[in-house]
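Everything quoted here is computed from the prediction, not taken from an experiment. By convention here, the first residue in the shown sequence is residue 1.
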Amino acid sequence: MELRELGRTGLKVSSVGFGASPLGNVFGTVSEEQANASVRLAFQSGINFFDTSPYYGGTLSEKVLGKALKALGAPRSSYVVATKCGRYKEGFDFSAERVTRSVEESLERLQLDYVDILQCHDIEFGSLDQIVNETIPALVKLKEAGKTRFIGITGLPLGIFSYVLDRVPPGTLDVVLSYCHYSLNDSTLGDLVPYLKGKGVGIINASPLSMGLLTEAGPPEWHPASPQIKAACQTAAAHCKEKGKNISKLALQYSLVNKEITSVLIGMKSLEQVEENVAAARELATCGIDEEAVSEVEAILKPVKNQSWPSGIQQS
């Protein structure tokens with residue numbers, strides 16, 4: 001598994017990252033044995049980056065991931081753990097007091113002394129000025145206290161990243177995590193890469209399958225995309241299947257091709273999913289991507305290319 005440098009952090013993380021939200025039973029029940037086996041196989045296959053949040057499964061994802069990492073018996077320095085703060089089952093709270101308490105709770109659930117990356121979760125649901133003036137200074141203090149090595153922000157609308165990065169002192173933030181903006185149907189994160197690199201932040205791309213749009217099974221009921229986006233993605237998935245190809249594999253490989261993006265986070269909850277994702281990355285490294293399949297899918301998705309959906313509160 002290829003390791004890539006994460007911005008200026010000095011961390012080298014696997015190009016495929018283990019998204020641990022499914023360990024919180026958010027996509028069906030996962031047994032402890034299944035979770036432990038999946039994390040172990042991922043680690044043995046060269047995946048060293050694990051991402052979670054107290055929001056996933058109402059803290060369950062953190063607890064399950066913590067147990068699974070402990071069961072590895074591997075040196076703490078051999079894996080990178082990212083968690084989040086500010087978004088909880090009960091709602092959003094980006095106050096300094098809450099995020100400070102949050103990291104202590106996360107460390108207890110993860111059974112760790114520190115996390116490698118602590119990120120404000122889905123900041124578009126809070127006041128961006130509060131994030132700049134209160135939340136991030138609190139995270140800086142947590143970094144100074146050794147509770148986390150690096151700090152970052154996550155969210156859907158790309159404009160939130162530049163809003164915050166332009167208002168905090170240079171070098172304050174280490175990482176941004178964007179999702180659903182570097183995939184076959186929406187590659188707008190690519191336009192922001194030069195700006196983010198100029199700010200020295202590492203870039204993580206989550207959800208290369210666009211939260212289930214780019215799968216044969218299709219997205220969950222609650223998916224916020226328009227009917228047009230859903231229909232186009234289903235047509236593309238059916239086209240791939242007809243050609244004996246898998247749209248999810250193609251979508252993951254498409255996201256991995258851009259080496260300016262350090263890691264592509266994809267949710268995993270079974271040995272089969274880990275094996276498929278690792279195989280897709282290895283195939284890409286040895287054979288490259290199926291350019292013909294990509295151009296056929298891009299032609300189908302052209303009418304909805306780079307269309308997204310609203311997320312968060314209206315920022316004044």
Side-chain angles (χ1 to χ4, degrees), residues 1-2 14-23 26-28 30 34 37-39 41-42 44-47 49 51 178-187 189-190 204-223 225 227-259 261 263-307:
M1 183 67 61
E2 183 188 358
S14 47
S15 58
V16 174
F18 188 107
S21 71
L23 302 187
V26 294
F27 302 105
V30 183
Q34 199 180 338
S38 303
V39 167
L41 179 63
Q44 288 169 341
S45 306
I47 293 174
F49 179 40
D51 176 90
S178 164
Y179 71 98
C180 291
H181 283 308
Y182 201 85
S183 52
L184 282 165
N185 60 304
D186 182 340
S187 56
L189 175 62
I204 298 163
N205 169 43
S207 206
L209 312 185
S210 284
M211 301 195 307
L213 284 172
L214 301 171
T215 60
E216 285 178 6
E221 281 292 305
W222 49 260
H223 200 292
Q228 291 80 7
I229 297 174
K230 288 178 180 173
C233 290
Q234 283 309 98
T235 303
H239 172 81
C240 286
K241 194 174 182 180
E242 207 174 284
K243 293 279 183 111
K245 288 163 186 172
N246 183 297
I247 194 161
S248 300
K249 180 173 92 169
L250 192 69
L252 175 59
Q253 291 179 331
Y254 177 87
S255 297
L256 286 169
V257 165
N258 189 337
K259 298 197 178 197
I261 293 166
S263 190
V264 177
L265 276 175
I266 184 163
M268 304 187 218
K269 64 173 187 175
S270 66
L271 292 173
E272 184 187 26
Q273 286 179 347
V274 175
E275 282 164 358
E276 282 171 3
N277 295 330
V278 169
R282 289 188 178 150
E283 181 187 279
L284 180 67
T286 51
C287 314
I289 197 162
D290 184 336
E291 299 286 359
E292 189 185 345
V294 170
S295 48
E296 287 170 6
V297 165
E298 285 185 321
I300 294 168
L301 296 176
K302 197 175 179 190
V304 298
K305 180 74 175 178
N306 294 341
Q307 289 182 19

Inset, instruction - Please answer whether the main-chain N or O of L184 pairs with a side-chain N or O of K305 as donor and acceptor at a distance below 3.5 Å. - result: yes

Inset, instruction - Check for a donor-acceptor pair, side chain of Q253 on one end and backbone N or O of A280 on the other, with a separation under 3.5 Å. - result: yes

Inset, instruction - Mind listing the closest non-hydrogen atom pair of Y254 and Y182 along with its distance? - result: O-CE2, 3.9 Å

Inset, instruction - Please step through side-chain contact (heavy atoms from CB on, under 4.5 Å) for the pair I229 and D186, ending with a clear verdict. - result: CA-CA 10 Å; I229 297 174; D186 182 340; over 6 Å; no

Legend entry - Gap separating the CG atom of D51 from the CZ atom of F18, nearest 0.5 angstrom: 10.5 Å

Legend entry - Distance in Å, I247 CD1 paired with K241 NZ, rounded so as to fall on 0.5 Å steps: 12.5 Å

Legend entry - N/O donor-acceptor pair under 3.5 Å between E276 side chain and K249 backbone: no

Inset, instruction - Mind listing the closest non-hydrogen atom pair of V304 and A232 along with its distance? - result: CG2-CB, 3.7 Å

Inset, instruction - Can you spot which of I261, V264, N277 makes a side-chain contact (heavy atoms from CB on, under 4.5 Å) with P208? - result: V264

Inset, instruction - Any chance you could lay out the side-chain contact (heavy atoms from CB on, under 4.5 Å) test for M268 and V16, step after step, and finish with the verdict? - result: CA-CA 11 Å; M268 304 187 218; V16 174; 3.8 Å; yes

Legend entry - Within 6.0 angstrom of E272 CD, more than 12 heavy atoms from elsewhere: no

Inset, instruction - Ignoring hydrogens and angles, tell me if any N or O in the side chain of N246 forms a donor-acceptor pair with the backbone of C240 under 3.5 Å. - result: no

Inset, instruction - Kindly say whether S248 contributes a backbone atom to a donor-acceptor pair with the side chain of T215 at under 3.5 angstrom? - result: no

Inset, instruction - Take M1 and S45 through the side-chain contact (heavy atoms from CB on, under 4.5 Å) test and state the conclusion after the steps. - result: CA-CA 7 Å; M1 183 67 61; S45 306; 5.6 Å; no

Inset, instruction - To the nearest 0.5 angstrom, please state how far the OG atom of S15 sits from the CD1 atom of I47. - result: 8.5 Å

Legend entry - Exercise: identify the closest heavy-atom pair between V297 and A236: CG1-CB, 4.1 Å

Inset, instruction - Mark yes or no for whether S263, through its side chain, and S14, through its backbone, hold a donor-acceptor pair below 3.5 Å. - result: yes

Legend entry - Minimum-distance pair of heavy atoms, taken over all atoms of A251 and L209: CB-CD2, 3.8 Å

Legend entry - Atom of M211, atom of S207 and distance for their closest heavy-atom approach: N-OG, 2.8 Å

Inset, instruction - Keeping the roles fixed (side chain from K230, backbone from H223), state whether a donor-acceptor pair exists under 3.5 Å. - result: yes

Inset, instruction - To the nearest 0.5 angstrom, please state how far the CG atom of N258 sits from the CG atom of L189. - result: 8.0 Å

Legend entry - Flag side-chain contact, heavy atom, 4.5 Å: V39 against L23: yes

Inset, instruction - Identify the heavy atoms of L265 and F49 that sit nearest to each other, and give their distance. - result: CD2-CE2, 3.9 Å

Legend entry - Spacing of CD belonging to E296 relative to CD belonging to E291, to within rounding of 0.5 Å: 12.0 Å

Inset, instruction - May I have the step-by-step check of side-chain contact (heavy atoms from CB on, under 4.5 Å) for L250 and I289, ending in yes or no? - result: CA-CA 8 Å; L250 192 69; I289 197 162; 4.3 Å; yes

Legend entry - Main-chain N/O of L214 paired to S210 side chain as donor or acceptor, under 3.5 Å: no

Legend entry - Polar side-chain atom of Q273 near backbone of K269 as donor-acceptor pair, under 3.5 Å: yes

Inset, instruction - Would you give the length of the straight line joining atom CG of N185 to atom CD of E298, rounded to the nearest 0.5 angstrom? - result: 10.5 Å

